[in-house]
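One structure is given here, and the rest of the page talks about it.
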Amino acid sequence: MFETLPGFRDFPPEACSRRNHLFRVFRTVARAFDFKEYDAPILEPLDLYVEKSGAEIVGQLFHFMDKGDRPVALRPELTPSLARMVAAQGNSLPKPIKWFNLGEHFRYERPQKGRGRSFYQFNADLLGEINVSADAELIGLLVAIFETLGMSSNDFRIRLSDRATWVSLLNGLGVSEQALPAVLNAIDKSGRRKPEQTMESLNEAIPDQGESLWQEIQNIKKIDSLDALAKRLGTLGSEADALIHQWEEMLSFLSAHGAKEYISIDLSIVRGLAYYTGFVYEAFEASGEGRALAGGGRYDHLVQKLSGNVDIPACGFAIGDMTLSDCLESKGLLPNYVLAPDLYLVCGEEQKKSGISLVSVARKGGFSTSYSFKMVGFGKQFKEAGKSGARYALILGTEEADSKRVKVKDLRTGAEEVISQNSLVEKLEEFDATGGITT
RNA sequence: GCGAUAGUAGCUCAGUUGGUUAGAGCACUGGUUUGUGGUACCAGGGGUCGCGGGUUCGAAUCCCGUCUUUCGCCCCA
C-alpha cells in the first residue's frame, strides 16, 4: 500500500468540499475588495529563494536538478514570484496594484500541528501605495474574510505592531544600523525562547549591552495602547510626532473598516523577516493559543531587492489553510457539507433509456441528477434515492411514460405531483421557489 | 536534524502470564422487497496485526532495527 508522503494530505470529497468552502470565501471577499486573482508557477529557479532569504533556506525547500541541470524548487512562498511579475510589467501597471492568489506551497519541514509540507495559502498584496490606508485596506480584507467564515471578536484577534516604531525606539537606545536586523530578529524570537537565550543573542549583536537592552525591550513589548506608546516615544522629539500620527491614522482607518474591535496594539509582534519596513501584524485565535492564523506587513524595498531595478512600495499578508481549518473546526464553523444531487431517477427497466433522456434534460436545466446503473426494483431505487440525499425523485413507470408525463416526489415531505415531461425543468424551478411539494 | 508517543478491517477500538482458524460497533455490498425511501431483520466482502529481522515448540503480544502518526525542540517566509 502506498501512503501520502509525510506532511501531504489527500482530499476525498468531504475534505475537498471543506477546503473549497474556504477558497470560495477567500475569492468572494477578495473580489468584494476589488483584488484581482493572479497565479505563478509552482516550480521556480532555486536561486529565486536564495536571493531573497539566503542560503540557509535551501535546507527547508523541496529542491532538485531538472533534466536540463537547472536547480529548481517547489515554491515555499509567493512573494518572490509576485515581485518578479510586478517588476516585469514595471511602470506599465496602473497603481495601486491589488492582487491575490490562492495556491499550494511546499516546505521541507517537520510536520506538526497546523504545519505540513504542503499547504494552501491565500496571499493578498497591495503595491504602489505608501499611505497607511493601504495597510488598513489589507487588514480590512483579512477581517472581512474571517467574519465571513463565521468568526467574531470572541474568536480571533489581530496583534498590530510597527517596525518603524521599533527602529526609532532602538535608535534611541543606541542600537546601530548594522545591529538592527539581529536585534529585531532576537525580539521576534524572544516570545518563544528563554530570556537567557534572548540575552545571549542581544549580546552577540551589541556586546556587553545585552542585559540593559533586554530590560528596555521588555518594557517596550508591554506597550498595549496608543497612550503608553506616545508616552514612551515622547523623548524622541519630532520623529515621535510623525510616528504617533501614523498610528492614529492607521487606527482611525481600521475603525472605518469596522476592524477596530479585533485589533490589539502589541509591540511584541516583530515578524522574523528582515524586509518588513512598517506596520506588521499577526492574527491569532482569541485565546492566543496555537500558531498564527495569518500574518503580514509592509515591505517597501523588497521588490527592488528582488528585481534590481523597479522600486515600488508594497504591503501584503497571507493566510494558511491548516491553522485556519483547525481553528474553524474547533469552533464548529466547518459544517459537514452534504454532497447530494437535486434529483434521483426511479424507473422501470422499459423506461431506462427514456429516463436517461429525461435526466439529460434536467441536467441541462441545472439540476444535478443521479440514477441507478443496475436494473433493480422500485423499492431498491427509492432506497438509493433516499440515501443519495436528493430533494426529489423522478418516477417514470409505464403509467407515466405512456402519457409523456413524470411523477415528481418530494423526498422531504413525501408529497407527489404528476407533471408533463415537457415542463420538467420549469416545474422543478417552481417547486423549489415555493419550498417544495406539499399535499 | 534531536527527544517523547503511538501504529490491529475504510473509521473508532477490544484482544488475558506468549497458546487453536485475530474480534466488535459503525461504514460498505447483497437479500427480505419487480411501484414508494434512510428504520428493522438476515447474509456477505474486507486483515501478510505498519514493515524487516530476532527469541521461542509457538509472537498481534517479548527484543532490536526501520517507516509512519501525533506532540515538543530547531525553524517558521
Side-chain angles (χ1 to χ4, degrees), chain A residues 1-10 12 14 44 48-54 56-61 73-83 105-117 119 121 123 185 188-189 191-194 197 270-276 280 282 290-292 294-297 299 302 306 316-320 322-323 326 338 340 344-352 372 374-401 406-416 418:
Chain A
M1 261 308 265
F2 290 107
E3 294 172 354
T4 57
L5 289 166
F8 285 72
R9 295 168 288 173
D10 279 330
E14 209 176 279
E44 292 276 16
L48 182 62
Y49 305 110
V50 175
E51 182 67 30
K52 181 194 160 203
S53 308
E56 317 82 60
I57 199 74
V58 173
Q60 305 189 65
L61 298 179
L74 290 171
R75 65 180 183 201
E77 59 167 326
L78 199 63
T79 308
S81 307
L82 169 67
H105 295 77
F106 308 86
R107 294 176 189 174
Y108 199 92
E109 297 180 297
R110 190 88 174 150
Q112 262 173 57
K113 185 174 192 174
R115 190 171 78 178
R117 288 179 173 180
F119 54 93
Q121 247 186 20
N123 278 265
N185 191 262
D188 177 58
K189 288 179 179 170
R192 40 180 197 266
R193 282 168 119 180
K194 294 189 184 118
Q197 291 175 289
V270 184
R271 304 212 24 98
L273 294 165
Y275 59 73
Y276 284 112
V280 289
E282 292 181 353
R291 276 169 204 289
Y299 50 97
L302 185 65
L306 288 172
F317 71 88
I319 307 174
M322 296 184 79
T323 42
D326 288 350
V338 182
Y344 200 98
L345 174 70
V346 173
C347 69
E349 191 167 347
E350 300 297 313
Q351 291 79 43
K352 195 78 179 190
S372 174
K374 282 181 286 220
M375 293 301 174
V376 294
F378 274 69
K380 188 76 185 171
Q381 290 186 65
F382 274 105
K383 191 176 272 190
E384 285 171 0
K387 265 205 288 196
S388 78
R391 292 202 299 286
Y392 303 104
L394 297 183
I395 305 160
L396 191 65
T398 46
E399 298 165 32
E400 292 84 4
V406 60
K407 190 188 279 182
V408 181
K409 174 168 180 166
D410 187 321
L411 290 166
R412 293 161 301 186
T413 64
E416 300 177 334
V418 178

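Every heavy atom of this structure was used, including side-chain atoms; hydrogens, water molecules and symmetry mates were not. Numbers restart at 1 for each chain; the letters A, B, ... are given by sequence-line order, proteins then strands.
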List the residues meeting side-chain contact (heavy atoms from CB on, under 4.5 Å) with [X], not counting sequence neighbours, and say none if there are none.
{"X": "A:Ala294", "value": "A:Leu142, A:Phe146, A:Ala283, A:Ile319"}
{"X": "A:Gln60", "value": "A:Glu109"}
{"X": "A:Glu14", "value": "A:Arg18, A:Asn336"}
{"X": "A:Lys113", "value": "A:Asp326"}

5'-to-3' dot-bracket of RNA chain B (Watson-Crick, G-U; under 3.5 angstrom; crossing pairs as [ ]; | other strand)
((((.((..((((.....[...)))).(((((.......))))).....(((((..]....))))))).))))....

Would you measure the distance from the [atom1] atom in [N] across to the matching atom in [M] and give it in whole Å?
{"N": "B:U12", "M": "B:U21", "atom1": "P", "answer": "29 Å"}
{"N": "B:A6", "M": "B:C13", "atom1": "P", "answer": "14 Å"}
{"N": "B:G53", "M": "B:G10", "atom1": "C1'", "answer": "30 Å"}

For the pair made of [atom1] in [X] and [atom2] in [N], what is the distance, rounded to whole Å?
{"X": "A:Leu411", "N": "B:G37", "atom1": "CG", "atom2": "P", "value": "11 Å"}
{"X": "A:Glu349", "N": "B:G35", "atom1": "CD", "atom2": "P", "value": "13 Å"}
{"X": "A:Glu14", "N": "B:C11", "atom1": "CD", "atom2": "C1'", "value": "12 Å"}

List the residues meeting side chain to side chain donor-acceptor pair (under 3.5 Å) with A:Lys189, not counting sequence neighbours, and say none if there are none.
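Partners of A:Lys189 under the side chain to side chain donor-acceptor pair (under 3.5 Å) test: A:Asn185.
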
Sequence-distant partners of A:Arg110, side chain to side chain donor-acceptor pair (under 3.5 Å), two or more places apart
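Checked A:Arg110 against side chain to side chain donor-acceptor pair (under 3.5 Å); zero matches.
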
List the residues meeting ring pair (Phe, Tyr, Trp, His ring centres under 6.0 Å) with A:Phe378, not counting sequence neighbours, and say none if there are none.
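A:Phe378 satisfies ring pair (Phe, Tyr, Trp, His ring centres under 6.0 Å) with no other residue.
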
Parallel, tilted or perpendicular: which describes the rings of A:Tyr276 and A:Tyr299, with under 30° parallel and over 60° perpendicular?
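Taking A:Tyr299 first and then A:Tyr276, their aromatic rings stand perpendicular (interplane angle over 60°).
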
With 3.5 Å as the limit, what N/O pairs link the protein to nucleotides 70-77 of chain B?
unit_1 : atom_1 : unit_2   : atom_2 : d
B:C71  : OP2    : A:Lys113 : N      : 2.8
B:C74  : N4     : A:Gln112 : NE2    : 3.1
B:C74  : N4     : A:Arg115 : NH2    : 3.4
B:C75  : OP1    : A:Lys189 : NZ     : 3.4
B:C75  : O2'    : A:Gln60  : OE1    : 3.0
B:C75  : O2'    : A:Gln60  : NE2    : 3.1
B:C75  : O2     : A:Glu109 : OE2    : 3.4
B:C75  : O2     : A:Arg115 : NH1    : 2.8
B:C75  : O2     : A:Arg115 : NH2    : 3.4
B:C75  : N3     : A:Arg115 : NH1    : 3.2
B:C76  : O2     : A:Arg115 : NH1    : 3.3
B:C76  : O2     : A:Arg291 : NH1    : 3.1
B:C76  : N4     : A:Arg192 : NE     : 2.9
B:A77  : O3'    : A:Arg271 : NH2    : 3.4
B:A77  : O2'    : A:Glu77  : OE1    : 3.1
B:A77  : N7     : A:Arg107 : NH1    : 3.4

Would you classify [X] as touching base, sugar-phosphate or nothing, given that sugar-phosphate means primed atoms plus P, OP1 and OP2, and contacts are heavy atoms under 4.0 Å?
{"X": "A:Ile395", "value": "base"}
{"X": "A:Gly348", "value": "nothing"}
{"X": "A:Glu416", "value": "base"}

Please list, chain by chain and in numerical order, all residues satisfying salt bridge (charged side-chain N to carboxylate O under 4.0 Å, His left out) with A:Lys383, sequence neighbours excluded.
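A:Lys383 satisfies salt bridge (charged side-chain N to carboxylate O under 4.0 Å, His left out) with no other residue.
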
My understanding is that only residues two or more places apart in sequence, or in another chain, count here; which of them pass salt bridge (charged side-chain N to carboxylate O under 4.0 Å, His left out) with A:Arg193?
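Checked A:Arg193 against salt bridge (charged side-chain N to carboxylate O under 4.0 Å, His left out); zero matches.
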
Determine, for nucleotides 25-33 of chain B in 5'-to-3' order, which nucleotides have protein heavy atoms under 4.0 Å from the base (write B), from only the sugar-phosphate (write S), or from neither (write -).
----SSSB-

Tell me whether A:Phe378 is stacked on the nucleobase of B:G35, counting only the six-membered base ring and applying the 5.5 Å and 30° thresholds.
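Yes; by the centre-distance and plane-angle rule, A:Phe378 counts as stacking on B:G35.
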
